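Step one of this worksheet: look at the structure below.
Values below: every heavy atom of this structure, side chains too, minus hydrogens, waters and symmetry copies. So that the names make sense, note that chain A is the first sequence line, chain B the second, and so on, each numbered from 1. Predicted model, so just to flag it, every value in this text is computed and none were measured.
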Amino acid sequence: MTETAEPTLPVAPPTPAMAEAAAQAEAHAPYLKVLFGLMVLTILEYGYARFFKDATGPLVFGLVLMAAVKASLVGWYFMHLKFERLWVFLVLLPACLLALILTALLFPDFVMRQEPLDEPVRQAPRAPAPATA
Amino acid sequence: MAPADAPTHPAAPTHPGDRAHGHPAADASPAPATPGKVAMWLFLATEIMFFTGLIGSYIVCRGGSPPTAYSNLYPPTTPLDRLGDSKGVVLGAPGADPARAAEAIAAATGKGEAAIARVLAAAPHGVVNGLTEEGATKLAEGLNRLGAKAEVVSLKTSSWPRPYDPATNPLSIDLTTVNTFILICSSATMVLAVSAIQRGRKAKCSLYLLATVVLGGVFLGVQVFEYHELLEGRIYPPGISPTGHFRPGVSLFASCFFTVTGFHGLHVAAGVVTLLLVFLASLTGRFSSRNFAAVEYAGLYWHFVDVVWILLFTIVYLV
Amino acid sequence: MSAGPNATEPNPHDHIPAAASNFLTRYVFSTDHKVIGVQFLFSSLFFFAVGGLMAMVIRWQLAWPWKPVPILSQWLWSSPGLGGQMPPEFYNKLFTMHATIMIFFVIIPLLTGAFGNFLIPLMIGARDMAFPKLNMFSYWIMWPGFVLITLSFFVEGGAAEAGWTSYPPLATAARSTPGSLNGQTYWLLALLCAGISSLTGSINYITTIVMLRSPGMKMFRMPMTVWALFITALLQAFALPVLTSALLMQTLDRLAGTNFFTPVGGAVANAPAAVGGGAPLLWQHLFWFYSHPAVYIMILPGMGIASDVISTFSRKPLFGYKPMVIAMGAIAGLGFIVWGHHMFQSGMNPALGATFMLSTMMIALPSAIKVFNWIGTMWGGRIQYTSAMLNAMAFVSMFIIGGLSGIFMAATPVDIHIHDTYFIVGHIHYVLFGGSTFAVFAGIYYWFPKLFGRMMSERLGLIHFFLTFLFFNGTFFFMHIVGWHGHMRRIADPTVYEFLRTPGVVGMNQFMTICAFGLGASQLIFAWNFFYSLVAGPVAGPNPWKANSLEWATASPPPYYNFETLPRVYHPPYEFSVPGGEDDFLPQTTPLPDNITLDPVMA
């Protein structure tokens with residue numbers, strides 16, 4: 001297996017998406033549109049939280065969904081994930097996956113606790129004053 | 001190693017004129033991955049894991065909190081099994097003569113001076129707790145006769161402080177919504193700064209950078225104000241804190257709140273300092289359409305801090 | 001490689017920086033990865049001696065409880081009231097700090113800091129790390145850690161004594177132990193510093209390996225050591241931040257009164273009750289989410305080193321290079337989802353116990369692949385029994401024992417019996433001493449000529465190896481037996497229990513202690529060999545072992561710019577005894593002969 005090809009430099013030609021980005025860079029429109037979307041979503045969240053403040057299920061579901069959309073908008077457009085290559089996702093996805101695994105595996109011990117929680121809490125007897133040795 | 005002033009972003013193919021530098025073509029195409037960018041994304045991945053430790057703990061602390069951990073009348077984690085029937089009086093306003101209101105409360109409950117002062121200071125959400133139904137009715141009537149605004153409430157428990165519930169939750173969602181706006185705007189000015197320098201508009205880039213620094217500073221200022229109100233500035237009812245002040249030790253919610261938002265705040269502060277340095281560097285004109293790595297990396301970090309805040313705003317304040 | 005500066009056309013983008021001009025920037029605040037590696041090596045070896053001495057005192061107390069330790073008792077804890085006896089809380093400090101120092105200030109900095117720094121750029125054919133200044137920072141941020149961990153012995157209450165795992169409430173409640181008064185805070189801050197060092201280091205390593213490989217150095221042409229350090233760096237980058245957040249939470253629990261790890265109304269030793277609401281178990285989860293991957297951080301580089309050493313001295317290609325890499329990746333990936341096997345006895349949800357047991361058992365598979373591949377590499381080779389090779393072989397065999405004893409702990413029913421006994425102490429030492437430390441010795445014997453340009457004495461090396469191997473097994477093997485018998489760990493005086501007062505257990509404890517002293521004394525030979533060879537060893541050529549990888553293609557010690565021109569790489573570094581060749585090795589910079597094709601799967 002003799003090596004004749006050019007060395008694999010860490011430099012690659014631009015993807016079509018990057019060329020498109022360069023063309024788009026002239027216009028601010030996408031960024032301002034995204035900003036507008038983020039603002040609208042924030043107001044939506046505010047109103048939604050107010051409206052559903054007593055219904056935990058829909059509250060959590062709706063708000064987390066909106067937050068996820070906002071976070072993805074910032075990531076996709078502002079952090080230019082839209083134009084990035086695979087390697088960025090190879091860095092990000094394991095981190096996100098591990099974040100999910102860690103949080104999910106914490107649930108059985110803290111959220112789905114086994115001991116009956118409505119058991120009356122017994123007052124601990126007051127410990128005697130320390131004996132003077 | 002490349003010399004420090006080497007272009008970090010060789011000319012994009014849309015600028016054919018820049019090709020005349022004698023570089024081999026393979027090296028002149030934009031480098032999608034520079035060492036700095038790889039390191040920046042790796043750093044952000046470690047930051048994701050760091051905030052996972054904090055936010056993941058917050059989520060399971062909240063989810064696992066027993067249903068009687070917080071109540072509108074008693075401090076967090078008070079054992080409530082023998083207090084289920086007890087009533088409280090919410091003091092909406094102490095009336096024209098607070099001293100007489102204080103006397104009335106003292107007569108009805110036998111509480112100490114400091115405790116009663118906290119009740120008065122916490123109005124319109126002051127809470128007198130530990131009353132029987134009869135005692136509560138009497139106290140409320142007495143207070144209303146004195147011109148104060150008071151009403152009887154019964155014990156309501158929850159597993160976590162509920163948003164918009166002044167008896168258990170001291171956080172101001174209105175203020176923080178505005179603050180969220182500010183941070184999102186700063187993210188937008190940041191991306192505009194990057195976009196400006198990509199097109200070689202140095203002055204515009206500096207201007208947007210300055211705007212980002214200012215907006216970030218305002219966000220931090222609002223957060224410092226919020227912290228001051230919570231820690232010192234206001235007196236809160238017992239459902240929030242036994243001492244009247246909302247401090248890290250008063251409840252698990254307070255611990256989580258201060259830790260999560262505090263470390264986010266530290267990240268914002270670090271970002272503001274970084275961006276300030278980048279802004280000052282931009283004034284010297286050292287960034288150009290082919291050399292803007294510092295702006296880009298600072299921007300990535302800043303957007304990440306924004307993303308974390310978007311999640312925190314939802315999880316800590318709204319849910 | 002003795003080519004003059006103009007012998008080959010230099011790459012216009014390849015630029016040799018100016019040499020550091022003064023002593024301070026050349027040897028102290030150096031940005032040269034080789035100097036930083038040597039700095040890591042020396043400071044870690046110093047703490048290795050400190051941690052080792054602590055182990056000697058621990059063993060003394062276990063063999064002859066409460067007998068005054070000669071010399072030490074007089075100036076460490078001598079108190080007329082105690083008659084020179086070691087105070088039990090001092091014993092707690094010793095085992096806590098022994099483990100902390102050995103893990104966070106010896107093994108991890110040695111493997112990733114010393115070997116990682118020195119070897120990565122040399123082995124991939126780079127001039128330096130991607131971020132030399134960050135690299136310097138990653139060494140000097142260790143120093144606040146060194147200072148804090150040493151200082152903690154001298155604050156009120158003394159050093160931390162909640163075990164290296166620092167479980168709350170022992171670690172968080174200030175009155176639970178003397179060491180929790182102040183020492184624990186120092187411990188936390190020292191670990192934060194070590195963590196920042198590892199984190200910046202790992203980002204640097206990953207970036208360097210991904211971006212700065214020399215022409216032709218494809219990923220699957222990198223030596224196993226680089227692969228191992230790459231995967232280790234990934235583990236650190238993704239696991240360590242979680243420990244950082246947990247350390248910060250525990251620091252806040254101690255200093256700011258937060259309630260993360262304190263149960264409702266939690267109070268220790270008549271202290272005022274805390275508000276609480278958190279859970280001690282949360283710390284354990286977050287801690288082990290890092291610290292289980294950390295055990296792979298401590299063994300994977302050893303695996304890489306052993307692979308390179310074994311292949312070189314068997315004069316045979318590494319058996320199954322690509323499967324080895326994939327197995328290593330599998331170990332690392334699985335390593336993230338097995339942390340709960342440290343917590344079977346903690347009151348963790350039993351449903352999780354079964355999950356973690358299963359995932360832990362799965363790690364045996366890639367581990368076995370690696371062991372078989374090492375044996376396959378040695379099989380039929382012309383083995384040269386150098387000190388490095390013997391240490392690498394000891395690594396493989398001790399890792400087998402350590403790995404097999406690990407399976408006992410992984411099975412929940414068995415773990416009920418042996419949890420927190422000397423069985424686990426034996427297991428961890430078979431992996432960490434028998435595994436990592438033998439690999440470190442192998443690495444030092446192997447790369448010493450490259451590090452310092454001189455050879456170490458082989459005769460002393462062999463004596464050191466055989467004594468270490470003998471005393472190592474004498475010290476740690478019997479721990480399995482007394483542990484199975486119920487000898488608990490972290491106990492200052494086992495003889496308070498009837499069943500641990502029997503002559504068998506006492507005799508084994510004394511035998512282990514004598515062997516431990518022998519083990520400690522054997523390291524004096526190593527120290528003498530190391531320092532004597534440093535100044536008076538025979539001068540080593542560029543390639544004394546006739547090895548293939550790139551670090552042997554430059555002078556020993558390498559110049560600050562590593563390579564005159566960046567070398568071009570043609571094949572993986574394991575082409576030994578190529579048929580038809582004149583030499584029995586084929587450096588990576590030499591093209592393969594035309595009649596040779598590498599197996600696409602195995603090589």
Side-chain angles (χ1 to χ4, degrees), chain A residues 6 9-15 18-19 22-23 25-26 28 31-32 34-35 38-39 42-43 45-46 48-50 53-54 56 59-60 63-64 66-67 70-71 74-75 77-80 84-85 87-88 91-92 94-96 98-99 102-103 106-107 109-113 117-118 120-121 123, chain B residues 10 12-14 26-27 29-35 38 41-42 44-46 48-49 51-53 55-57 59-61 63-64 66-68 79 81 162-165 173 177 180-181 184-185 187-188 190-192 194-195 198-199 299-300 303-304 306-307 310-311 313-315 317-319:
Chain A
E6 268 299 302
L9 282 171
V11 182
T15 59
M18 294 182 94
E26 285 298 324
H28 284 177
Y31 295 133
L32 292 180
V34 173
L35 175 64
L38 288 169
M39 294 297 180
T42 308
I43 296 169
E45 272 196 306
Y46 181 82
Y48 190 89
R50 211 148 240 235
K53 66 181 172 182
D54 292 320
T56 313
L59 181 79
V60 174
L63 286 178
V64 169
M66 281 188 265
K70 280 166 74 182
V74 173
Y77 291 102
F78 287 1
M79 296 175 92
H80 293 162
E84 290 296 353
R85 285 162 192 277
W87 68 266
V88 175
V91 173
L92 279 184
C96 295
L98 285 171
L102 174 60
T103 314
L106 288 177
F107 264 71
D109 264 348
F110 303 101
V111 182
M112 303 171 238
R113 273 197 276 206
L117 287 168
D118 42 4
V121 183
Q123 281 289 44
Chain B
T14 43
D27 287 345
S29 61
T34 55
V38 172
W41 277 106
L42 279 168
L44 293 185
T46 68
I48 290 177
M49 294 312 292
F51 279 105
T52 300
I55 299 177
S57 301
I59 291 172
V60 294
C61 281
T68 56
D81 36 300
R162 287 157 354 127
Y164 296 112
D165 175 12
I173 292 179
T177 307
T180 307
F181 268 129
I184 290 177
C185 285
S187 218
M190 186 68 235
V191 79
L192 289 176
V194 176
S195 148
Q198 275 175 333
R199 286 171 294 119
L300 281 177
H303 299 312
F304 172 77
D306 186 30
V307 168
I310 286 171
L311 298 178
F313 173 61
T314 304
I315 293 173
Y317 287 85
L318 293 182
V319 172

Structural part of B:S187 lying under 4.5 Å from a heavy atom of chain A: both

Student check: side-chain heavy atoms of A:M66 and B:T314 closer than 4.5 Å: no

Interchain contact, A:L106 with chain B, by part (heavy-atom threshold 4.5 Å): both

Under 4.5 Å from any heavy atom of chain A - which part of B:V194: side chain

A:L98 vs B:T52 side-chain heavy atoms within contact, under 4.5 Å: no

Non-neighbouring partners of B:L300 that pass side chain to side chain contact (heavy atoms under 4.5 Å, CB included), sequence neighbours left out: A:M79, B:M40, B:W41, B:L44

Chain B contact via A:V91 - side chain, backbone, both or neither, heavy atoms under 4.5 Å: both

Top contributor to chain A interface from B:G56, B:S57, B:G63 [non-hydrogen pairs under 4.5 Å]: B:G63

Atom group of B:C185 that falls short of 4.5 Å from chain A, counting heavy atoms: both

By ring pair (Phe, Tyr, Trp, His ring centres under 6.0 Å) - contacts of B:F304 (at least two apart): none

Side chain proximity check, B:I184 to B:F313, heavy atoms < 4.5 angstrom: no

Most contacts with chain A, counted as non-hydrogen pairs under 4.5 angstrom, among B:L42, B:V38, B:T46: B:V38

Contact check, side chains of B:D306 and B:I310, non-hydrogen atoms, under 4.5 Å: yes

Side chain to side chain, B:Y164 and A:D54, heavy atoms closer than 4.5 Å: no

Toward chain B, the part of A:K53 with a non-hydrogen atom under 4.5 Å: side chain

B:I48, part contacting chain A, at a heavy-atom distance under 4.5 Å: side chain

